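Being a predicted model, the structure only gives us computed values, none of them experimental. Just follow the structure's listing: the first ligand is 1, and inside any ligand the first atom is 1. Quick note: numbers below take in every heavy atom, side chains included, and nothing from hydrogens, waters or symmetry partners.
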Amino acid sequence: MTKAGETKVQNSLLLKSLRGEAIDRYPVWLMRQAGRYMAEYRAVRERISFLDLCRNPELCAEVMQTAVEKIGVDAAIIFSDLLPILQPMGFDLEYRQGDGPVISNPFREEGDLTRVIELNDASPMSYVFETVRATCHAMPEIPVIGFAGAPFTLAGYAIEGRGGTSFHQTRALMYGRPDLWHEFMGRLTRTIALYVNEQIAAGAAVIQLFDSWVGVLGPQAFRDFVLPWCRELLRLITPGTPVIYFGTGNPELLNDFVATGAAGIGLDWRADLACACRTVPNSIAIQGNLDPAILLADEMTVRHETQALLRKVTRRTGYIFNLGHGVLKETPVENVQALVRTVKEVGREQCARLL
Ligand code: CP3
């Protein structure tokens, strides 16, 4: 990356917002901003499988650049997925049409621990680091966000073998065999740190940790079985790179998310943004949290709901507009474009008023 590009990235709205510096409008990017709702993406997927796409850094960068330019967002997240890191750790991963990701050899009992490999070298994931480099190269002036699954969510997939369940096997193992649980979480945490630090070395300016299923827990279970590992992970991540921790499903967990030590907290759509602005310290950025289903309504509704959400923001710095979860595949692209335009207009007026 050139010096000029790096300066632009460090002075971008996203980085400023994460550092709590004054900005003249709120940055906006969207989870799953490149995906099946976009015709260009569907055309790419007609000729290549999802996992093969993830292993093709040039094409991953192109897919993300197309999305960034088409919708006009302020940041590019690398095009990749949460689960491929589990492959070199010893899990067999498949993406089945209609079923989503499936792991055919899940972790269920003590004997399974012997086949869980803690990586001490991230090179099996080198295609992801190449994707970071290719994405930075394609968009040198825009912050590139690297990402990984947080330990609980990766453990959940590895134990259940799939997402979208109540995660009761995961919860049962956690309560019933805390020794196994903590050993597994330790191996995952150190592997994730290695993986994320290589993304930073390759040029990622920000890291987002997705704890997509953590909302199946209550606050005490989060504190006992998950928070120590999130804190350890954040401690192991290269200092100087801001981390956004995104956890879904249970607004009761918000204060404990703050305790992870992340620079930013991503909220899902069930949390009240006004309340979060009051309770999360100003030194920590808040990201979120428009319900992605609003994008399935008409354009007027999208504009109206976006404005209403922005009115809940009572801080001039430390806020990043995003959805409360990923863009749904049925979403019309024009609605996403209208959303981004609205954030840019309203954000500017509102930041000026909050001066
Ligand atoms: O645009 C972006 O946000 C970047 C790319 C990205 C993808 N997955 C691409 C993807 C990111 C950041 C992810 C993260 C991810 N992957 C999460 C965390 C975010 C969340 O949703 O909570 C999770 C849980 C996964 C696991 C995963 N990957 C599932 C459950 C599925 C199937 C469900 C679905 O939406 O298809 C995937 C597949 C996947 N990841 C697709 C994309 C674009 C669709 C694959 C396809 O082309 O069919």
Taking every non-hydrogen atom, the tightest pair across V73 and V340: CG1-CG2, 4.0 Å

Closest to atom 15 (C) of ligand 1 (judged by heavy-atom distance), picking from T153, L30, D81: D81

Donor-acceptor side-chain pairing of Q10 and E6 below 3.5 angstrom: no

For atom 21 (O) of ligand 1, the protein heavy atom that lies nearest, with its residue and separation: H325 NE2, 3.0 Å

Nearest-contact summary for atom 17 (C) of ligand 1 - protein heavy atom, Å: L82 CD2, 3.4 Å

K329 heavy atom under 4.0 Å from ligand 1: no

Check: R45 N/O within less than 3.5 Å of ligand 1 N/O: yes

Aromatic ring proximity, centroids under 6.0 angstrom, F91 and Y157: no

Residues R187, E183: salt bridge by 4.0 Å N-O rule: yes

Atom 37 (C) of ligand 1 [closest protein heavy-atom partner, distance rounded to 0.1 Å]: R32 NH2, 3.8 Å

Option with minimal heavy-atom separation from atom 6 (C) of ligand 1, where the choices are S80, P292, G164, G163: S80

Distance-minimising heavy-atom pair for N250 and G215: CB-O, 3.6 Å

Mutual orientation of the aromatic rings belonging to F152 and F167 [parallel < 30°, tilted 30-60°, perpendicular > 60°]: tilted

Test of proximity, Y95 against ligand 1: N or O pairs below 3.5 Å: no

Within-shell test, A67 vs ligand 1, heavy atom, strictly < 4.0 Å: no

Distance flag, aromatic centroids of F257 and F222, threshold under 6.0 Å: yes

P101 near ligand 1 by a heavy-atom separation under 4.0 Å: yes

Contact check: Y157 vs ligand 1, nitrogen or oxygen atoms, below 3.5 angstrom: no

Nearest protein heavy atom with distance in Å, relative to atom 11 (C) of ligand 1: F147 CZ, 3.6 Å

Side chains of Y26 and D74, donor plus acceptor under 3.5 Å: no

Test item, Q97 contacting ligand 1 (heavy atom, 4.0 angstrom): no

Heavy-atom proximity to atom 4 (C) of ligand 1, best of I78, L209, I145: I78

Heavy atom of A34, distance to ligand 1 below 4.0 Å: yes

Carboxylate-amine/guanidinium proximity below 4.0 Å for K8 and E141: yes

Nearest heavy atoms of M38 and I71, plus distance in Å: CE-CG2, 3.8 Å

Ligand 1 contact on M31 by region, counting heavy-atom pairs under 4.0 Å: backbone

Under-4.0 Å heavy-atom contact with ligand 1, by part of I77 that carries it: side chain

